[in-house]
Amino acid sequence: PGITGGLAYYDPDLRSLQCERMPVQWRMVNKKKRHEVDAGALFAILRDFPMPIDKLVCEEPHAMPGAGATSQFSFGSTCGAIKAVLACLKETRKVGPILYVDPAVWKVLMQCPSDKWRARRRAMDFFPEYGMRWAEPGGDGMAEAALMAWYGAHYEIKQKVRTPVKRKA
């Protein structure tokens, strides 16, 4: 997830991949233009996607030590918007499970480096015919989404147990 993130749909039986950038929109914050995830557009893309969605795989990143409060808040807001869209999608369309993966887990298994250009080259190892899509500015998000789609299709993803906490009134 993220402003420069991407979406990917991978059918391992057909070796078919579709990918695109995360939809974003401009918003004014303290008289400055800022990007944010366009949750409505993201929901529409997923809701109207013409192929069956057997499972949804979403990266679940964590806070980065040393990052500023403003960027952490923005990133957390983006992740929350994406999670909300996926939860709403589950209620409106027949989709498989929503699986959240730790970046350290999938990137190690897929040998995906944190360097954006090397991550693009790694995606080309799996999907060489899509290299031109990833060469464009912001293409690294689509390349990583494609790698996560391949990971989701070929590896069993274990989920952390999330226990709801009941609060006293």
Side-chain angles (χ1 to χ4, degrees), residues 1-10 16-49 51 53 55-89 95 98-153 155 157:
I3 299 300
T4 61
L7 309 170
Y9 175 84
Y10 175 60
S16 167
L17 176 72
Q18 295 179 40
C19 55
E20 62 185 87
R21 297 170 122 192
M22 181 69 67
V24 296
Q25 62 187 0
W26 288 100
R27 182 169 70 105
M28 292 299 289
V29 177
N30 296 329
K31 299 181 183 177
K32 294 179 185 175
K33 284 175 94 175
R34 305 270 189 211
H35 275 116
E36 68 180 10
V37 168
D38 186 339
L42 177 59
F43 180 75
I45 289 167
L46 296 172
R47 179 196 63 211
D48 300 336
F49 192 75
M51 306 296 287
I53 300 174
K55 83 174 81 160
L56 289 157
V57 180
C58 183
E59 187 176 69
E60 187 170 46
H62 309 287
M64 298 166 285
T70 302
S71 63
Q72 291 284 7
F73 181 83
S74 176
F75 188 62
S77 177
T78 297
C79 292
I82 293 168
K83 282 185 172 185
V85 165
L86 296 181
C88 291
L89 181 70
V95 296
I98 301 171
L99 305 171
Y100 293 97
V101 295
D102 189 294
V105 173
W106 80 264
K107 285 187 172 201
V108 167
L109 283 170
M110 295 298 295
Q111 299 174 358
C112 177
S114 58
D115 175 81
K116 299 301 184 187
W117 282 104
R118 289 177 54 214
R120 291 173 187 192
R121 283 194 298 257
R122 184 65 180 143
M124 286 176 50
D125 292 343
F126 291 90
F127 305 104
E129 61 276 16
Y130 292 91
M132 292 306 295
R133 291 285 315 269
W134 301 323
E136 58 192 48
D140 55 285
M142 290 187 292
E144 286 194 358
L147 287 170
M148 283 185 59
W150 196 95
Y151 168 79
Y155 287 95
I157 300 173

Could you tell me which non-hydrogen atom of [X] sits nearest to which non-hydrogen atom of [Y], and how far apart they are?
X: Trp117; Y: Ala135; result: CH2-O, 4.0 Å
X: Val85; Y: Ala39; result: CG2-O, 3.6 Å
X: Lys107; Y: Ser114; result: NZ-CA, 4.4 Å
X: Ala149; Y: Tyr10; result: CB-CB, 3.6 Å
X: Pro128; Y: Asp125; result: CD-O, 4.4 Å
X: Cys79; Y: Pro61; result: SG-CG, 3.8 Å

Worksheet item: Should the heavy atoms of other residues, nucleotides or ligands under 6.0 Å from CZ of Arg118 be counted, would the total exceed 12?
Response: no

Practice prompt. Can you establish whether the number of heavy atoms outside Met132 located under 6.0 Å from its atom CE is more than 12?
Written response: no

Are [X] and [Y] packed together at the side-chain level, in the sense that at least one heavy-atom pair is separated by less than 4.5 angstrom?
X: Lys83; Y: Cys58; value: no
X: Leu17; Y: Trp150; value: no
X: Gln111; Y: Arg122; value: yes
X: Leu89; Y: Phe49; value: no
X: Leu46; Y: Leu86; value: yes
X: His35; Y: Trp26; value: yes

Practice prompt. Please assess Ser77 against Glu36 for the test side-chain contact (heavy atoms from CB on, under 4.5 Å), listing each intermediate value before the final yes or no.
Written response: CA-CA 9 Å; Ser77 177; Glu36 68 180 10; over 6 Å; no

As an exercise, state the distance from [atom1] of [X] to [atom2] of [Y], rounded to the nearest 0.5 Å.
X: Arg27; Y: Asp38; atom1: CZ; atom2: CG; result: 12.0 Å
X: Met22; Y: Leu7; atom1: CE; atom2: CG; result: 5.0 Å
X: Ile53; Y: Ile98; atom1: CD1; atom2: CD1; result: 10.0 Å
X: Trp106; Y: Ile157; atom1: CH2; atom2: CD1; result: 11.0 Å
X: Asp48; Y: Phe43; atom1: CG; atom2: CZ; result: 8.5 Å
X: Gln18; Y: Tyr9; atom1: CD; atom2: OH; result: 7.5 Å

Discussion item. If the condition is salt bridge (charged side-chain N to carboxylate O under 4.0 Å, His left out), which residues does Asp140 pass it with, not counting sequence neighbours?
Written reply: Lys116, Arg120

Is the backbone N or O of [Y] less than 3.5 Å from a side-chain atom of [X], with the two atoms forming a donor-acceptor pair by type?
X: Arg133; Y: Cys19; value: yes
X: Thr78; Y: Ser74; value: yes
X: Asn30; Y: Lys32; value: no

Practice prompt. Could you pull out all residues at least two apart from Tyr130 that satisfy ring pair (Phe, Tyr, Trp, His ring centres under 6.0 Å)?
Written response: none

Worksheet entry | Verdict with reasoning, Leu56 to Leu99, per side-chain contact (heavy atoms from CB on, under 4.5 Å) | CA-CA 6 Å; Leu56 289 157; Leu99 305 171; over 6 Å; no

